Amino acid sequence: MSLLELRDLSAGYGDGFVVRGISLSLGPGEFVAVLGRNGSGKSTLLRAAQGFLRDVEGRVSLEGRDLFSLGRREIARMVAYVPQLSEPVFEFTAGEVVLMGLYARQTRLQGLGPKDAKAVDEAMHLTETAALAEKKMAHLSGGERQRVFIARALAQRTPLLLLDEPSLHLDISYQVELYGLLKRLQQDGRKTILAAEHNINLAAAHAERLVFLKDGAVVLEGSPAETVRAEVIRDIFGAEVDVRANARTGLPEISLVTGGRGQ
Ligand code: ADP
């Protein structure tokens with residue numbers, strides 16, 4: 001059964017649909033990246049997939065259940081989200097933000113247990129945020145904040161992880177580390193991952209399936225080997241690139257064709 005299934009989903013912000021007719025299915029253990037230009041609808045797709053948008057048409061199911069029939073807590077037990085834009089959490093410490101990941105676990109009758117404390121510790125360890133625990137979010141760099149949001153998502157202990165351009169504020173060493181961590185979480189069977197990403201090389205190196213959006217619609221879907229081609233990148237991104245196989249992995253990667261030196 002699909003963990004997440006979008007069937008003919010259209011969504012927007014009350015002024016016409018921004019994404020249209022999206023059908024996408026994620027089976028358990030998959031790692032899928034959504035690629036497309038700025039404004040192509042990647043964030044909107046991720047928001048609609050977890051019921052954040054009101055202006056929607058079509059179906060979304062989580063583990064076979066209709067998303068729109070589920071409460072927020074039920075959804076939060078299945079899906080964790082790493083947003084692209086910082087939420088207004090600046091007055092909180094990093095440790096407090098990670099604890100927010102336990103929201104779905106708490107009820108009035110049952111407080112937090114040892115499992116929850118362990119999940120928080122592990123999430124902060126994996127994201128190297130333990131040393132930041134006492135610091136206010138306002139005082140962290142963009143990359144540090146991003147890692148705290150990832151720790152919060154891991155502390156939530158959901159089967160499905162949605163990430164909105166997680167590499168955006170990270171320098172290259174953290175980009176590689178983050179995607180390495182996501183890959184490990186996928187491979188040890190803990191997570192199914194859907195990430196919006198603008199970095200084609202990072203996505204092609206880690207996701208098994210790439211979904212390309214253009215003007216709010218899926219225009220191409222397939223493995224990196226099937227989809228990362230110069231003519232595809234030209235058509236979808238309007239950029240001239242060379243595509244070659246990575247020397248170590250054999251996976252396709254792009255390099256920009258620039259008008260600079262050597263031309
Ligand atoms: P991407 O993530 O691919 O950059 P987005 O989903 O953020 O694309 O944006 C797609 C379109 O939706 C853009 O035209 C953008 O202006 C619009 N949009 C995004 N967020 C909002 C919002 N909160 N309210 C209204 N329009 C929005």
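One-based numbering, in listed order, for ligands and for the atoms of each. Nothing here was measured: the structure is a model prediction, and the numbers come from that model.
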Is the shortest distance from a Lys or Arg side-chain nitrogen in Asp215 or Arg20 to a carboxylate oxygen in the other one below 4.0 Å?
no

Considering only NZ, NE, NH1 and NH2 on the basic side and carboxylate oxygens on the acidic side, decide whether Glu208 and Lys183 come within less than 4.0 Å.
yes

Which pairs pass salt bridge (charged side-chain N to carboxylate O under 4.0 Å, His left out) with one or both residues in residues 55-66, sequence neighbours excluded?
Arg65-Glu74

Partners passing side chain to side chain contact (heavy atoms under 4.5 Å, CB included) against Ala207 (at least two apart in sequence or in another chain):
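With neighbours one apart ignored, the set is Phe31, Ala33, Leu210.
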
Got a sec, which pairs hit ring-ring contact (aromatic ring centres under 6.0 Å, His included) with one end in residues 194-239, sequence neighbours left out?
Tyr179-His206

Can you tell me which residues line ligand 1 if we count any heavy atom under 4.0 angstrom from one of its atoms, in chain and number order?
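The answer is Tyr13, Val18, Arg37, Asn38, Gly39, Ser40, Gly41, Lys42, Ser43, Thr44, Arg47, counting any residue whose heavy atom sits under 4.0 Å from ligand 1.
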
Are Arg47 and Tyr13 linked by a side-chain donor-acceptor pair shorter than 3.5 Å?
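On atom types as modelled, these side chains qualify, holding a pair under 3.5 Å.
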
